[in-house]
Amino acid sequence: METTQFPLIISVDDHTVEPAAVWQDRLPRKYRDVGPRIVRAPLKEMTFLGGRFKPVMGTPGGDEGPLGDWWVYEDLHRPLTRLDTAVGCARDEVRLEVITYEQMRPGSYDVPARLADMDVNHVQSALCFPTFPRFCGQTFTEAADRELALLCVRAYNDWMVEEWCGPAAHGRLIPLTLIPLWDARLAAEEVRRNAARGVRAVAFSEIPPHLGLPSVHTDAWDPFLAACDETGTVIAMHIGSSSRMPSTSADAPPAVGSTITFANCCFSMVDWLMSGKFERFPHLRVMYAEGQIGWIPYILERADVVWEENRGWGGVADKVRRPPSELFAEHVYGCFFDDAFGLRNLDAIGAGNVLYETDYPHSDSTWPASREVGEAQMGHLAADVVERIVRGNAIELLGLTPEGLWRA
């Protein structure tokens, strides 16, 4: 494949670092002292072991330690870290450390700067997951004040649609909204509210029980799923959206979890395929951001064997009427940014079920070489297949214009 022929990328998994005033500008005045706000403070200690991130904020002006910008919300103190925005740094310089806004690449939080960095990376459009709310809004689900939490969810969605993806983005930033995970009916209302203004993607947890929420095997989520089914809103699940990254032991270094990040996607996909939800909600679509794709062929093979041979005692005979691989082909999308093995086995996955991403500005991001990575790994594929993977599937799934832009 010649370099000049590689399609403009539509990334289905990038990230935004929310500007400091997102909630302060949008919450009622009485909530501004307890709602999400930025405080510059020192770091006392921080660990990331066994898939658990544990930072401790020092007293501003009192304790010693490196200064960082911290989100403070109720009793939560969450710092901005180099892992949140690592692009532009040498790999060996990317460490677990707190940073300030001034120490990060402006494209992390500023729309014009983001578009410029997308240009550098051959990216036309991008769907962005949150940072402070975490990947599906767990931060607000864990809050004590549910009235405030709901206002925070709506404020984030308004900022996402009206500002991050607003006129200054020229249709190149694609909105991804949140829901109040603690109430499926409120979640359905929020899906419909945002669908009415052109939003076609909503974040959800890969494994809700890890958040203390019902599983997809119950009927608890049906109002939310019905709203997504009716509005054509894709359910986007990012690795870590269960607040529990895969690991093996409490003392396992982050490298262990980083190697097996796909595992939660794997477990989640089997949940959905065996839940019966795709047959109850025939227009439902789900996608797995940053989960890679090389693991999918074996899981589909095994799921079909179990369905064929064990469904009588396996608890799915009355609700899963078709082979899981058929349901996958119609309802599930795998997302990748660097997976040569998966692309060599694309026939076993399906070219129509794969989406490309760049993971900007995270430490795993292929920025500014996402085009070069794609060319190297997709060089054996026909041009029309590359077109589908790099942009065509995303255009169809997210309801973009034929040119690959979002329009409200």
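Quick caveat, the model's predicted, so the values are computed rather than measured.
Taking the six-membered ring wherever Trp is involved, the centroid distance between the rings of F132 and W23 falls below 6.0 Å. Ring pair F140/Y156: centre-to-centre distance not below 6.0 Å.
Residue pairs meeting the side chain to side chain donor-acceptor pair (under 3.5 Å) criterion with at least one member in residues 168-189, sequence neighbours excluded: D119-R172. Within the structure, side chain to side chain donor-acceptor pair (under 3.5 Å) pairs that include any residue of residues 396-408 comprise T401-E403 (at least two apart or interchain). Among pairs with a residue in residues 133-148, those fulfilling side chain to side chain donor-acceptor pair (under 3.5 Å) read Y31-E147, R134-T139, R134-E142, R134-S243, Q138-S243, at least two apart in sequence or across chains.
In this structure, K319 does not pair ionically with E279, as no charged nitrogen and carboxylate oxygen lie closer than 4.0 Å. Taking a cutoff of 4.0 Å between a charged side-chain nitrogen and a carboxylate oxygen, R280 and D219 qualify as a salt bridge. Salt bridge status for R193 with D158: present, with a side-chain N to carboxylate O gap under 4.0 Å. For the pair R26 and E162, the salt-bridge criterion is not met [side-chain N within less than 4.0 Å of a carboxylate O].
For W70, there are no ring pair (Phe, Tyr, Trp, His ring centres under 6.0 Å) partners at least two apart in sequence or on another chain. In this view, T131 satisfies the side-chain hydrogen bond (donor to acceptor under 3.5 Å, both in side chains) rule with no residue, not counting sequence neighbours. Among residues two or more places apart in sequence or in another chain, the ring pair (Phe, Tyr, Trp, His ring centres under 6.0 Å) test is passed with F135 by H15, H238.
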(request) Start with the C-alpha distance between Y360 and N121, add both sets of side-chain angles, then the distance that settles side-chain contact (heavy atoms from CB on, under 4.5 Å), and finish with yes or no. (result) CA-CA 10 Å; Y360 178 105; N121 201 30; 5.9 Å; no
(message) Between W221 and K277, does the side-chain contact (heavy atoms from CB on, under 4.5 Å) criterion hold? Intermediate values first, please.
(response) CA-CA 10 Å; W221 295 106; K277 298 302 183 185; 5.9 Å; no
(request) Please test L213 against S205 for side-chain contact (heavy atoms from CB on, under 4.5 Å), starting from the C-alpha separation and ending with a verdict. (result) CA-CA 10 Å; L213 300 170; S205 175; 5.7 Å; no
(request) Given side-chain hydrogen bond (donor to acceptor under 3.5 Å, both in side chains), test D338 with T366 step by step and report yes or no. (result) CA-CA 8 Å; D338 185 2; T366 51; over 6 Å; no
(request) Evaluate the side-chain contact (heavy atoms from CB on, under 4.5 Å) criterion for residues I239 and Y288: first the C-alpha distance (whole Å), next the side-chain angles of each, then the deciding distance (0.1 Å), finally the verdict. (result) CA-CA 7 Å; I239 59 167; Y288 288 100; over 6 Å; no
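No more than 12 heavy atoms of other residues, nucleotides or ligands sit less than 6.0 Å from atom CG of D347. Residue E102 qualifies as enclosed at atom CD: its count of foreign heavy atoms under 6.0 Å is above 12.
Using a 30° and 60° split on the angle between ring planes, F336 and Y356 fall in the tilted class, from 30° to 60°.
To the nearest 0.5 Å, atoms CE (M104) and CZ (R82) are separated by 7.5 Å. Distance CG/L300 to CZ/F328: 5.0 Å, rounded to 0.5 Å. Rounded to the nearest 0.5 Å, atoms CD1 (I293) and CG (L355) are 9.5 Å apart. Note that NE2 of H217 is 9.5 Å distant from CE of M274, once rounded to the nearest 0.5 Å. Rounding to the nearest 0.5 Å gives a distance of 6.5 Å between CD of Q292 and OG1 of T261. Within the model, atoms CG of D13 and OG of S365 stand 9.5 Å from one another, a figure rounded to the nearest 0.5 Å.
Residues F53 and T81 form a side-chain contact, since some pair of their non-hydrogen atoms from C-beta on lies under 4.5 Å apart. A heavy-atom distance below 4.5 Å is found between the side chains of R114 and P361.
The main-chain N or O of I38 is never found under 3.5 Å from a side-chain atom of R40 such that the two would form a donor-acceptor pair. Distance alone, capped at 3.5 Å, is enough to place a donor-acceptor pair between the N393 side chain and the A351 backbone. S268 contributes a side-chain N or O that, together with a main-chain N or O of E206, makes up a donor-acceptor pair within less than 3.5 Å. With hydrogens and angles disregarded, a donor-acceptor distance shorter than 3.5 Å links the side chain of R321 to the backbone of D318.
Test L405, L127, V199, V12 against I174 for side chain to side chain contact (heavy atoms under 4.5 Å, CB included) and you get one pass: L127. The one candidate from T85, D14, D117 that meets the side-chain hydrogen bond (donor to acceptor under 3.5 Å, both in side chains) condition with S108 is T85.
Closest approach of V320 and G276 over heavy atoms only: CG2-N, 4.0 Å. A pairwise comparison of heavy atoms in G342 and I349 identifies O-CD1, 3.7 Å as the closest pair.
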